[in-house]
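Note sheet for the following structure.
In what follows, chains carry the letters A, B, and so on, assigned in the order in which the sequence lines appear, proteins first and then strands, with residues in each chain numbered from 1. All values reported here derive from a predicted model rather than from experimental measurement.
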Number of protein chains: 2
Amino acid sequence: MTNCMFSISDIERESGISRDTLRVWERRYGFPTPSRNERGERIYPDEQLLRLRLIKQLQDSGMQPGKLVKLEYQQLQQLTFQPDNSALVPADVKMLMDILTSGFGSGLISQLDTLLHQRGLRYFLTDVVAPMNHAVGQAWFEGRVGILDEHYYAETIRTVLTVALNGLPPGDGNPKIMLTTLPGEQHGIGLLMAACMLRLEGAGVVLIGVQTPLEEIVRGAIESGCSIVGISCSDYMGRRTIASQLVKLRALLPEGVAIWAGGSGVRTLTFLKDSIRLFNDLDQIHAAVQAVLNVAAGAKYELIAGT
Amino acid sequence: MTNCMFSISDIERESGISRDTLRVWERRYGFPTPSRNERGERIYPDEQLLRLRLIKQLQDSGMQPGKLVKLEYQQLQQLTFQPDNSALVPADVKMLMDILTSGFGSGLISQLDTLLHQRGLRYFLTDVVAPMNHAVGQAWFEGRVGILDEHYYAETIRTVLTVALNGLPPGDGNPKIMLTTLPGEQHGIGLLMAACMLRLEGAGVVLIGVQTPLEEIVRGAIESGCSIVGISCSDYMGRRTIASQLVKLRALLPEGVAIWAGGSGVRTLTFLKDSIRLFNDLDQIHAAVQAVLNVAAGAKYELIAGT
DNA sequence: GGTCATATTTGTCCTAGACAACATATAAAT
DNA sequence: ATTTATATGTTGTCTAGGACAAATATGACC
């Protein structure tokens with residue numbers, strides 16, 4: 001029953017590896033090894049899909065595909081086991097993971113709500129959501145939860161954060177920041193987390209959804225008078241794509257508008273540090289906003305003093 | 001400034017037309033007509049991107065690409081003007097469109113909130129959100145609003161509906177329905193609308209995000225004990241893809257689990273009527289849920305009577 | 001008007017080659 | 001010994017033009 005075969009389009013969609021790459025891997029490394037249907041088209045068994053997904057993940061964390069494809073499935077799985085930091089995982093995250101793996105609808109949302117009220121939004125974000133995101137990603141990676149569980153978790157978090165964000169008192173709205181993701185990037189949770197943090201700092205947030213074309217980002221930033229554009233990057237997209245798109249965006253955007261980029265996708269980006277502000281951490285948002293406000297205040301002070 | 005050139009990947013991502021199709025159109029119909037960079041690769045001016053987006057839309061509403069590509073941009077735009085039903089557009093929708101086109105952050109969310117409380121969720125969905133979705137899509141289509149405005153609208157609606165859904169009292173949870181979209185489908189608003197309608201009927205809703213692989217939908221439906229799987233299809237994906245995926249899903253899913261499919265993407269689907277319940281309208285949800293409950297009650301009655 | 005057979009249209013898949021961008025190894029020079 | 005230049009891999013994306021089945025349109029006939 002589980003032995004369905006997938007076409008190359010299916011594999012592209014499900015693994016995130018392009019057709020061209022799939023064909024060139026087959027040609028060069030001898031993997032994957034799809035059989036052919038009566039029409040001579042590639043058909044892949046599901047076990048190869050699993051292996052490809054694993055390879056994609058490992059590759060995104062910096063390994064060379066040419067070496068990965070030579071390894072067996074089990075060897076690949078071993079690679080995924082990071083230096084074990086389970087000691088560092090908060091008890092709450094463990095509990096949430098237990099709920100998640102035990103099936104749907106069993107009170108995940110109410111547990112999250114409880115934690116939110118116990119800790120307050122600020123520490124809920126940094127101490128619960130952020131580590132939990134990581135734990136869920138890791139668990140999927142190791143095959144302990146399915147894509148479905150990940151989606152269910154994401155949807156639940158989205159609900160909780162949306163409700164929380166909506167209940168927050170608006171600050172004075174400075175600085176004004178537009179939040180979105182690059183074309184191709186589908187993960188919106190990081191955006192919501194950033195929106196919450198920024199609203200907590202009193203900043204003005206214009207939350208746009210995911211996948212905004214670059215020209216539209218530019219137009220929006222100008223029309224809405226935002227002085228900062230915030231971009232959230234997961235590591236779902238390759239570093240390559242992220243970097244080239246950020247560079248393009250920087251070129252299109254007026255100099256007066258800053259770019260702030262965060263998320264796991266910008267972790268290893270170093271070379272565009274001077275033109276773009278990179279965030280490895282939600283906590284850095286506080287300092288960054290304060291810095292902007294101070295500069296603005298300083299400028300105003302100078303203006304007054306100079307008059 | 002706006003005269004940037006796009007690579008074939010950019011065009012694929014931004015227009016939703018695959019590389020292969022772009023190349024084959026060029027070969028067959030002589031459009032698009034990209035120039036080449038020093039490396040011999042296609043580069044497209046932005047005006048061709050706009051035309052391609054338009055063609056994609058018209059094509060999805062049933063026209064032949066081979067005829068569309070021969071037309072000029074202005075002729076294409078004329079085609080988009082549907083039989084004018086602006087008389088049917090409620091005043092509220094007109095007002096919301098005005099707000100949307102007048103820039104960001106100017107009270108769209110508060111207006112929506114007001115309307116929600118005036119009408120109640122039920123009629124807010126059918127009389128405001130549904131027509132507004134259509135109006136926004138149409139306006140984008142005709143070039144009156146940008147993608148950014150559409151995203152901003154979508155994000156705002158998502159917020160309003162999420163908050164509303166979360167505030168709804170849980171019913172008895174029958175029938176239990178899992179909601180998601182097919183792989184490739186990114187629009188989640190229809191899902192939220194359906195979730196609201198179903199919760200209003202007292203049904204149990206397991207809201208999964210977008211783009212769930214078929215095997216995972218099956219696993220989830222079984223594990224969570226859902227008797228119905230609800231799929232929301234926008235017309236962003238081609239009819240082709242939608243139909244083939246739905247057929248695949250029907251084959252994978254146990255017979256006891258029904259498939260309900262709704263959204264503008266299933267409007268013209270007819271041939272799978274007997275195996276899948278198709279919805280053209282939010283209002284049909286009420287009747288469908290009642291029918292399921294009656295059958296269940298009838299079965300129970302028969303069981304009792306038979307004993 | 002409806003039903004069937006034939007013709008056209010259309011998207012996706014194929015092969016196999018090329019090349020730039022990046023990473024890494026090796027040699028030369030300070 | 002450390003930096004700098006050069007060579008060698010490695011990798012993803014792009015190219016061309018051909019093939020074919022599934023979807024759709026056209027026309028003949030009842």
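Heavy-atom nearest nucleotides on DNA chain D were determined for A/Tyr29 and for B/Asp10, and the one closer to the 5' end corresponds to A/Tyr29. Place B/Trp25 and A/Arg27 on DNA chain C by their nearest nucleotides, and B/Trp25 ends up nearer the 5' end.
Look at B/Glu41 and B/Arg36 and you find no salt bridge, because none of the NZ, NE, NH1 or NH2 atoms lies under 4.0 Å from a carboxylate O. Salt bridge absent: B/Asp149 and B/Arg144 never bring a charged side-chain N and a carboxylate O closer than 4.0 Å.
With distances taken from any side-chain atom of B/Arg36 to the nucleotides D/dA22, D/dA25, D/dA16, the minimum falls on D/dA16. Considering only the side chain of A/Thr21, D/dG12 comes nearest among D/dA16, D/dG18, D/dG12.
Checked by atom type, the side-chain pair B/Glu26/B/Thr33 shows no donor-acceptor distance below 3.5 Å. Looking at A/Asp10 and A/Tyr44, their side chains never bring a donor and an acceptor atom within 3.5 Å of each other.
The separation between A/Ile17 atom CD1 and D/dG12 atom P is 9 Å, rounded to whole Å. When rounded to the nearest whole Å, the span between CZ of B/Arg28 and C1' of D/dG18 equals 11 Å. One can place CG of A/Asp20 at 13 Å from P of D/dA16, the figure rounded to the nearest angstrom. Whole-Å rounding puts the B/Arg23 CZ to D/dG18 P distance at 15 Å. Per the geometry, CZ belonging to A/Arg19 stands 14 Å off C1' belonging to D/dC14, to the nearest Å. Between the CZ atom of B/Arg39 and the P atom of D/dT13 there is a distance of 13 Å, rounded to whole Å.
Close to D/dT11, at under 4.0 Å from its OP1 or OP2, lies a side-chain N or O of A/Gln64.
A pairwise comparison of heavy atoms in A/Val136 and A/Val145 identifies O-CG2, 4.2 Å as the closest pair. Closest non-hydrogen pair, A/Ile147 versus B/Glu216, comes out as N-OE1, 3.1 Å.
Contact annotation for B/Arg42: backbone-only contact, meaning every heavy-atom pair under 4.0 Å involves sugar-phosphate atoms and none involves a base. Across all strands shown, A/Gln59 has heavy atoms under 4.0 Å from sugar-phosphate atoms exclusively, and none from any base.
Applying the ring pair (Phe, Tyr, Trp, His ring centres under 6.0 Å) rule to B/Phe279 yields the partners B/Trp260; only residues at least two apart in sequence or on another chain are considered.
Taking 4.0 Å as the cutoff to heavy atoms of chain B, we find the contact window on DNA chain C bounded by C/dT9 to C/dA21.
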